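In this text the structure is predicted, and so the values were computed from the model without any measurement.
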Amino acid sequence: MGLAGHIMGYDYPEEFSNWRDVDPAMLLDTEPIKKVTKAQFGSAILKLSKDADLLVLACDFDREGENIGFEAKSIAEKVSGSTVMRARFSSLSKSEIDKAFTDLVEPDENMAMSAEARQILDLKMGAAFTRFVTLSVRERARTKGVLSIGPCQTPTCGFVYERELAIRKFDPKDFWKIEGIFNGNGTDFTGAHRGGHIYEKEKADAIFSKLKNCRTAVVSKKTVKEMKTNPPFPLNTNEFLKRSSKYLGVSPEQALEIAEQLYLSGFTSYPRTETNKYADDMDFKKILKGFARGDYQDFAMLLISQDKITPRNGKKDGHDHPPIHPIKAGSRAEVEKAVKMPRAWDVYDLIVRHFIANLLPEAIFEKTRFELTAEGELFDSTGSVQKSAGWLAVYPFEKPQDKLLPLLEENDVIDVKKINNIKSQTTPPKKLTEAELLTLMDKHGIGTKATAPSHIETNKKRGYFETKGKTIAIMDTGFTLMDALNSSVPILIKPDIRSRIEALIQEVEDGTKKFPQALEEGTSLIKEMYSHLLKNRDLMVSQIAGTITDEAVAADKKNHVGTCPECGRMLRMVITDKGRFVGCTGYPQCKNTYPLPKAGALAVQRSRKCKKDGIAVIKVGNKYFWSVGIGPCFSCEKEKECFPPEVIGPCPSCDGQMFLIATKDSRFLGCTKRCGHTQSVPKKGRLTVTDKVCEGCGWHFIRVKEQGKDAKEYCANRKCEAAATARKDAIRKARARE
């Protein structure tokens, strides 16, 4: 019978289910209970095994597969005392399945119990830490969300956070580089000054001044070397996931799921393996014969014709499965028919091409380097030519960027077409790609070949980070949580303790440590982290709760004023029985406040900036403006700079400018020099000063739009002859229509 992943799972007894009634620390000293979670499968096992003579465990041969088999074994043993054996295989080819069931072996209890240890330790840490952090923050901030802390999930997010922190803290520096455009034998090519990045502007200017009028240079040295690029090592799971992400843009979780389906459909070998070296008795020609037709025909025939096929092996041997490789050839139509998933063919194509590339010879390049001398200054120019494609012929994912150089010899004189002094800035680190994140997880022992993609996916589902193209961008919730943990309980986001727990789990699998001992040591490590959490609870909660509050305030556009210059938290308008003021969300630690007008509706003007560095500008009713931290704008000497008058045109009576004046009850035009000249404008309708200018007087046209009527656009200058003529013409036309 077929199983469906784990049919049993660990959980705490029912009395521990209420978060508020149970101290999270109690979970660390309570042993969880393993129960059947898929009852129908449990019943089927009992029924089938009752009268069986032999039980064979034939799950995937890895840590989790062995554990799933032992779950079935533990259920069967309730009604059966029959022998239990194991069928081990790495592909679903007929020959290997026949061999696995012919040569049955003993089940590997150590491997099964290593997975058991991981389940228990992960549950203890995940449940206790998530409850502790979530409940602690809820005491200080209004939030219903769960702040999930996971033994692998959190350090995985920690890698993304640390990269984002480095980007945000990066301080760019100016530098200069001197580049030359040269011409030899009719071919232009570039060369870089030997000084590289020059951080002193004076030094760069001095070199440029020396070279800017230079017209010739000499090839002072020429070096030609043959360079070989080796084929890639065979694919293990981590390398497969990294290359799927890097070359295909397929996420690790999706890539592993596709590989699983390719394996179940018989196209490829088992996709979860740490091994990147083939066994000595690997029959490559048998596999390659299937590819003697189709897309890979030329490469397959070339390899088959050789007396001996030698792979380029790595050094990792997990002693479980061979590297990921094709089992049978399939066309695009056959693969897509069998595996109903987007990008299935692309993943299969990558696996096949990687397999063939590993068996082909190295690629050979001829690398040329010129040392050029101009006015005593040295320039370098390098280029390469591909002499033999080797494995690159079948592997289009890695394309060499050849820079062709002209055929020159030492002491040849060449032309200098141009010298450039280029100013640049140092750039911050780039955001992590999923491939780089997988490399970090593998290096620090976070997760396993099977679980690494799920830890990345969990962080996405929690809203901690997201992928944009091939890069990973941390989200506000993730950064807030990691930042708080990093400043209060850094041990939680660092990979050190998780690496030690993973090592314990591996020791159980290797048989060098007993299951109870590993649980005891692992629980002790988790308690060590929990003690740090307890000790720094207030600091952690203060940061997380403060950020949650600040995010809520920032979203309240009506009352959010700006950022507090004292502590960096949020400023908001506060109304009490005694009055209203601007206060900081950091209260009571930060007591920074600013007064507000006692009367009038308040509206923050986000598009206006105070010339005297006030915190924000607020409009008070329809009467005046108020700068937070400064006071009323009408009493400020910079009022006209902040609120320049809306000028219509030159004043007919003096050398001032006519501008629009609006009060609560009326609007009219007045002179900036207050000469006494005024002019009325329509009192109804929305009035706008346009960019169109009257040819007669130079005034801007005004546009008036009354509700239910067409908009009118005209020159409002009563002393403008052109405007007067236009008004008479309009009246005459209106009468003619009547």
Side-chain angles (χ1 to χ4, degrees), residues 20 133-145 147 476-477 479-481 483-484 487-488 536-644 661-667:
R20 293 195 175 278
V133 173
T134 301
L135 292 173
S136 298
V137 171
R138 284 180 181 176
E139 291 178 9
R140 291 275 298 274
R142 292 182 179 179
T143 177
K144 294 181 179 179
L147 295 169
D476 289 342
T477 303
F479 188 87
T480 297
L481 180 59
D483 201 43
S487 59
S488 56
N536 298 283
R537 177 182 181 274
D538 290 344
L539 178 59
M540 176 201 67
V541 170
S542 175
Q543 284 194 253
I544 298 176
T547 305
I548 291 172
T549 302
D550 288 350
E551 288 173 354
V553 169
D556 181 6
K557 300 301 181 185
K558 183 178 179 181
N559 293 303
H560 174 226
V561 173
T563 303
C564 177
E566 300 292 329
C567 69
R569 296 287 298 277
M570 295 291 109
L571 291 173
R572 59 182 170 182
M573 288 189 280
V574 180
I575 300 174
T576 69
D577 295 338
K578 295 182 179 180
R580 54 188 183 178
F581 60 93
V582 170
C584 179
T585 56
Y587 181 83
Q589 287 80 14
C590 178
K591 295 181 172 60
N592 192 21
T593 60
Y594 301 95
L596 285 172
K598 293 180 179 179
L602 303 176
V604 180
Q605 307 294 292
R606 305 199 184 278
S607 60
R608 291 189 179 274
K609 300 294 180 185
C610 175
K611 297 287 185 181
K612 292 182 74 173
D613 296 326
I615 303 299
V617 177
I618 293 176
K619 190 173 184 181
V620 185
N622 287 320
K623 295 181 178 180
Y624 62 95
F625 292 92
W626 179 287
S627 177
V628 177
I630 304 294
C633 297
F634 58 72
S635 64
C636 177
E637 70 275 10
K638 292 184 178 288
E639 181 191 16
K640 288 183 179 178
E641 290 184 46
C642 294
F643 304 97
I661 300 172
T663 67
K664 184 178 180 181
D665 302 317
S666 66
R667 60 189 180 191

Would you say that [X] contacts [Y] through its side chain, given a criterion of any heavy-atom pair below 4.5 Å between the two side chains?
X    : Y    : answer
I615 : P565 : yes
C636 : K612 : yes
M540 : V133 : yes
M573 : V604 : yes
V541 : E139 : no
L571 : T563 : no

Locate the shortest heavy-atom distance separating [X] from [Y]; write the atom from each residue and the value.
X    : Y    : value
G583 : V574 : N-CG2, 4.1 Å
T585 : R572 : CG2-NE, 3.9 Å
C633 : S627 : SG-N, 3.9 Å

Please check this pair: side chain of [X] against backbone of [Y], looking for a donor-acceptor N/O pair closer than 3.5 Å.
X    : Y    : value
R608 : K619 : no
R580 : A599 : yes
S488 : L539 : no

L602 and V620: CA distance, side-chain angles, deciding distance, side chain to side chain contact (heavy atoms under 4.5 Å, CB included) verdict: CA-CA 5 Å; L602 303 176; V620 185; 4.1 Å; yes

Sequence-distant partners of [X], side chain to side chain donor-acceptor pair (under 3.5 Å), two or more places apart:
X    : result
N559 : D556
S487 : Q543
S136 : R537
N536 : none

Spacing of L481 atom CG and D476 atom CG [to the nearest 0.5 Å]: 12.5 Å

Set of residues satisfying ring-ring contact (aromatic ring centres under 6.0 Å, His included) with respect to F625, sequence neighbours excluded: F643

Pairs touching residues 569-594 that satisfy ring-ring contact (aromatic ring centres under 6.0 Å, His included), sequence neighbours left out: none

